[in-house]
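Please read the structure below before turning to the comments.
Ligands are counted one by one from 1 in listed order, and the atoms in each one are counted from 1 as well. Bear in mind the structure is a predicted one, so any value in this text is a computation, not a measurement.
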Amino acid sequence: MPIRRLDPTTINRIAAGEVIERPAAAVKELVENALDAGARRIGVTIEGGGIGRIEVTDDGHGIPEAELPLAIERHATSKLTDEALVRIATLGFRGEALPSIGAAGRLSVTSRPAGQDSAARIVVDGGAVREVEPVAGPVGTSVIVEDLFHATPARRKFLRSAGSEAAACADAVRHLALAAPGVGFSLTIDGATSFDLPPQDRRGRVAAIYGRGDAEKLLEIEAVREEVVLRGFISPASLTRATGRHQHMVVNGRPVRDPLLRMALRLAYRERIPAGRHPLAALWLEIPPEMLDVNVHPAKAELRFAAPEAVRSLMIGAVQRALAIPAELAVAPSVSLPRAGWATAPMPRAARGFAEAELRGLDLPPGRVVPEVLPEVRPEYPLGTPIAQVFDTYILAQSGDGTLVLVDQHAAHERLTEIRLRAERDSGVIPAQALLAPAVVELGAEDIARLLGAAGRLAGLGLEIEAFGPGAVLVRAVPAALMRADPSGLVRDVADTLAESGTATALEVRLDAVLIRMACHRSVRAGRRLAFAEMEALLRAMETTPLAQTCPHGRPTVLRLTQGDLERMFGRAG
Ligand code: ADP
Ligand code: MG
């Protein structure tokens, strides 16, 4: 075949593959256009996961009738004033979003600038442009996308369920709403209002997006280094989620999902929160534009920093300072502390806020005995007798044959809980424990819909929930093994798990993930001081549980150092 030039429709469809990966990307582009147009109020409506219909309405400056055909043309933009791509003050600049959406689905743009008598509309369907026609309409712009990806079936195949796509759309709108707190935002999904927010300051917007309960616990952070400013809110180590879905970063007003920033956040919390858990964060970074390249990624979600190290250390420093605020120390610990061995240092902050750990089923004696002398080493136990807890994370034990045993308390307990839940499930049903007072958990409309959709199967796992008004579910029972779990945290984790998995995942696999997450949710945390009796109970339970030597995520729960190993390490052995 000879070389030929592709026609514009094909070029736009190819671009659509990069710019509009999924409905949430279209939502993001349309809302960014509304923000660039100086809107004070933006309304977003999603139907059928955004594949069916997306509508974004704003009261911004509008598009003059004569410019409508240009707006949907590729590489046509009213925004780029700095052709060197350094000082980009708008969210958009590539002139690619509208043509890409119009190539993949049916796009209709209705707009009326303040000075124009009536509105005008242009429609593009699968790349075919129709005439501009006058219509009635208010000042501002309304963009409707229908049947997204009907013209690009290859892409459509890769979409997840409507529920997952709707969740991703909602996450995108929440992220944008945090990026522009001064703009009113409403979101409606399949006819139900998810939120309707007035113009707010950052703190008010954070409370609206994260919910009052969580927002009250957030710590404020601030760091300034030369012209780089980082401000925002992060969760204390005691408040984590099952996924990173609740981390929102905004760089120079642009909502981003930048790997460098996410990694910096992860590093800042490392050792303070259990592996696999994620903090909440809403962070705004202001950085001189010449230190930033926003033109790295077609969807503009990733950035390139001229001084990545400086940004990383600014973030880690600010987060770690906030996590160490002494105010948190004022909270009384909810566990009694043994005073033997190493146990004299103040309890780490990471442990605060966790309710008393659930060690039910491990034959824990009532009341905690604090031994004055170290327990005697008994030869019959393979994992030995606990002699100390170090870093409030590892149990140190000595076995009868002189081996030094190290156990990761969180990983080990998580594994035991998971094995128990699994065994209970495989034997029929996981016993449910009715709550004395059913708990009301406030959640977003999409999360509620997904939870209720899975309610029957969740009941089989011992988690009984039902609808409770428009913005909440009622938890009637939790798995008996997790009896003392905080029902709200548990249900949120399950909602996040359901939001993450798509249609391709069989429900059983998904429920398996729910199960592992439930186990993790209630397992004794790293950073919690254990009484000797608790350590003892954990070690004994591990000995009688096959498979207890690795955690559900495949990491080891036990390490052993023999006397020979120690001698070699100290250079004593020949
Ligand atoms: P970009 O945002 O990169 O310029 P788009 O394809 O998203 O590219 O939009 C093309 C142009 O259409 C914009 O430059 C802008 O002039 C106009 N436009 C799009 N959406 C709106 C809107 N909601 N209000 C006003 N103008 C808009
Ligand atoms: Mg744009």
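Side-chain contact between Met249 and Met315 is present, with heavy atoms from C-beta onward closer than 4.5 Å. Within the 4.5 Å cutoff, no side-chain heavy atoms of Val123 are placed close to those of Leu107. With contacts defined as side-chain heavy-atom distances shorter than 4.5 Å, the pair Ile448/Phe468 does not qualify. Considering only heavy atoms from C-beta on, Gln320 stays 4.5 Å or farther from Tyr269 through its side chain. Looking only at side-chain heavy atoms (C-beta outward), Thr57 and Thr141 stay at 4.5 Å or farther from each other.
Excluding waters, the set of protein N, O or S atoms lying under 2.8 Å from the Mg ion (ligand 2) comprises Asn33 OD1.
In this structure, His175 has no side chain to side chain donor-acceptor pair (under 3.5 Å) partners at least two apart in sequence or on a different chain. When the side chain to side chain contact (heavy atoms under 4.5 Å, CB included) test is applied to His246, the partners found at least two apart in sequence or on another chain are Tyr210, Arg241, Leu280, Asp496.
No more than 12 heavy atoms of other residues, nucleotides or ligands lie within 6.0 Å of CD in Glu226, so this atom counts as exposed by the packing criterion.
A side-chain N or O of Lys79 and one of Asn33 form a donor-acceptor pair less than 3.5 Å apart.
Around ligand 1, the residues contributing at least one heavy atom under 4.0 Å from the ligand are Asn33, Ala34, Ala37, Asp58, His61, Gly62, Ile63, Ala71, Ala76, Thr77, Ser78, Lys79, Gly92, Phe93, Arg94, Gly95, Glu96, Ala97, Leu98, Pro99, Thr141.
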